[in-house]
Amino acid sequence: MTSQVFLSVVAPCFDEAAGLQEFYRRVSAACCALPGLHSRWELVLVNDGSRDSTLEIMHRLAFDDPHVVAINLARNYGHQVALTAGLQHCRGERILILDADLQDPPELLADMMQMMDEQDADVVYGQRRARAGETRLKLTTAALFYRLLRRLVEIDIPLDTGDFRLMSRRTLDVLNKMPERDRFIRGLVSWIGLRQVPLLYDREPRFAGSSGYPFLKMARFALDAVTSFSVVPLRFASLAGLITGTMGLLSLSYTVGGWLFGAVVTGWTSIATLVLIIGGVQLVMLGVIGEYLGRLYMEAKHRPLFVVDSIVCAPARGSSRVRALEPNPNYAEPVV
């Protein structure tokens with residue numbers, strides 16, 4: 001099967017100028033090393049509003065190598081939307097998702113292709129045994145996040161697994177039909193089902209630059225994951241309302257009983273404290289409901305997920321080097 005497929009490697013890029021040339025070198029070497037692949041591969045690079053020279057390097061690579069396609073988005077949309085843009089433009093029968101920071105080794109492509117062939121899998125996903133070059137806080141919060149998410153959602157999202165994976169075209173076709181704005185792609189792929197198998201590996205430190213996911217951005221990403229695949233927080237809101245309502249009825253019974261038997265009801269401080277606690281719980285639950293309602297509001301607008309500014313590729317792929325923005329750019333036609 002490997003000798004017959006066309007492979008797409010898709011990589012979103014944000015401020016990756018320091019390591020992009022090395023990333024291209026290693027991806028090219030990994031693709032060319034597969035004896036059955038030869039020149040049947042492409043590298044789709046998506047510039048997600050980079051502030052450094054990432055776009056210029058992408059253009060130079062695309063002009064020099066007909067395997068490279070450089071997609072420039074109109075602004076920064078975030079990692080998951082940039083990855084979606086690349087997945088909607090790639091042409092491969094098999095698709096490798098890879099970050100440009102080289103934490104996930106491109107050299108594992110051969111093992112992934114072999115596993116897909118031998119096990120007749122639709123998805124081969126990288127599952128991390130170790131994560132080098134990351135802080136204890138990042139390691140701890142990531143471990144907690146994956147385990148909490150697995151308890152909250154109804155689908156099986158593998159532990160310690162990112163977007164690094166090899167997918168079949170039929171898996172990608174289903175994924176590209178999912179219109180969610182707040183995207184959690186590893187969860188969407190798990191939702192699809194089909195045969196998915198893990199490849200255990202050790203994650204490497206970043207080759208250059210700094211992470212594009214600081215703590216607050218990671219927290220937002222985690223919130224997207226939970227609200228996209230679970231209504232458990234809404235059930236927590238109902239449970240909290242039931243508990244506080246029961247507490248209120250018990251407090252009312254105590255007050256009425258004291259009045260009937262002539263006892264003096266004391267403890268205004270404790271009452272005020274209870275009022276504040278109950279009010280705080282109500283505001284938190286309203287915030288949870290508001291989060292879901294806000295997402296419904298944004299989905300109802302039906303705006304395009306992204307806008308493509310330009311697509312640059314070698315002349316062998318088309319009649320011109322630069323493809324300009326076309327009307328209705330949400331799902332621009334694939335590069336040919």
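Values below: all heavy atoms of this structure, side chains included; hydrogens, waters and symmetry mates excluded.
For the salt bridge (charged side-chain N to carboxylate O under 4.0 Å, His left out) test, no residue two or more places apart in sequence or in another chain qualifies with D99. Listed by chain and number, the residues in a side-chain contact (heavy atoms from CB on, under 4.5 Å) with A11 are F23, L45 (sequence neighbours excluded). Taking R60 as the reference, nothing meets the salt bridge (charged side-chain N to carboxylate O under 4.0 Å, His left out) condition, with sequence neighbours excluded. The salt bridge (charged side-chain N to carboxylate O under 4.0 Å, His left out) test applied to R25 returns E22, not counting sequence neighbours. A search for side-chain hydrogen bond (donor to acceptor under 3.5 Å, both in side chains) contacts involving N47 returns S50, N72, not counting sequence neighbours. Legend: residues meeting side-chain contact (heavy atoms from CB on, under 4.5 Å) with R51, ordered by chain and number and at least two apart, are F14, D15. Remark: D120 engages no residue in a side-chain hydrogen bond (donor to acceptor under 3.5 Å, both in side chains) (not counting sequence neighbours). Qualifying ring-ring contact (aromatic ring centres under 6.0 Å, His included) partners for Y24, counting only residues two or more places apart in sequence or in other chains: none. For Q21, there are no side-chain hydrogen bond (donor to acceptor under 3.5 Å, both in side chains) partners, not counting sequence neighbours. Judged as a side-chain hydrogen bond (donor to acceptor under 3.5 Å, both in side chains), and not counting sequence neighbours, the contacts of T171 are S168. Considering only residues two or more places apart in sequence or on other chains, M112 meets the side-chain contact (heavy atoms from CB on, under 4.5 Å) condition with L96, V124, F164, L166, L199.
Using a 4.0 Å cut-off between charged nitrogen and carboxylate oxygen, D173 and R169 count as a salt-bridge pair.
The main-chain N or O of D122 is never found under 3.5 Å from a side-chain atom of R170 such that the two would form a donor-acceptor pair. Within the 3.5 Å criterion, the main-chain N or O of T54 finds no donor-acceptor partner in the side chain of E16. A donor-acceptor pair under 3.5 Å links the side-chain atoms of R195 to the main chain of Q119, judged by distance alone.
Taking 4.5 Å as the limit, every side-chain heavy atom of D65 sits out of range of all side-chain heavy atoms of L43. V189 is listed as a side-chain neighbour of Q196, based on a closest heavy-atom distance under 4.5 Å. No side-chain heavy atom of D48 sits under 4.5 Å from any side-chain heavy atom of H79. I97 is not listed as a side-chain neighbour of R186, based on a closest heavy-atom distance of 4.5 Å or more. The closest side-chain heavy-atom distance from I71 to H89 is below 4.5 Å. Residues V46 and L83 fail the side-chain proximity criterion, which asks for heavy atoms closer than 4.5 Å. Between V312 and M58, every side-chain heavy-atom pair lies at or beyond the 4.5 Å cut-off. By the 4.5 Å heavy-atom criterion applied to side chains, Y201 and R128 are counted as neighbours.
I311 and L55 fall into different hydrophobic clusters, where Ile, Leu, Val, Met, Phe, Trp and Tyr residues are linked whenever their side-chain heavy atoms come under 4.5 Å apart, directly or through other members. Both V174 and V10 are assigned to one and the same hydrophobic cluster, defined by single-linkage of ILVMFWY side chains at heavy-atom distances under 4.5 Å.
When all heavy atoms of C90 and I95 are compared, the closest pair comes out as SG-CG1, 3.9 Å. Annotation for W41 and S28: closest pair CH2-OG, 3.7 Å, computed over non-hydrogen atoms. Across all their heavy atoms, L109 and A30 have their closest contact at CD2-O, 4.1 Å. Closest approach of M178 and I192 over heavy atoms only: CE-CG1, 3.5 Å. Residues P198 and M115 share a closest heavy-atom pair of O-CE, 3.2 Å. Here the closest heavy-atom approach between residue L7 and residue C31 is recorded as CD2-SG, 4.0 Å.
R94 contributes atom CZ, which lies 14.0 Å from atom CG of L172 (distance to the nearest 0.5 angstrom). Interatomic distance, CZ of F6 versus CD of E93, reported as 8.5 Å (0.5 Å rounding). Distance check: L87 CG to M167 CE gives 5.0 Å after rounding to the nearest 0.5 Å. Considering CZ of R165 and OG of S190, their distance stands at 6.0 Å, rounded to 0.5 Å. Expressed to the nearest 0.5 Å, how far NE2 of H67 lies from SG of C313 amounts to 13.0 Å. Separating the CG atom in L175 from the CH2 atom in W191 is a distance of 10.5 Å, to the nearest 0.5 Å.
For residues 102-114, every residue pair satisfying the salt bridge (charged side-chain N to carboxylate O under 4.0 Å, His left out) rule, not counting sequence neighbours, is listed here: R26-E107, D104-R203.
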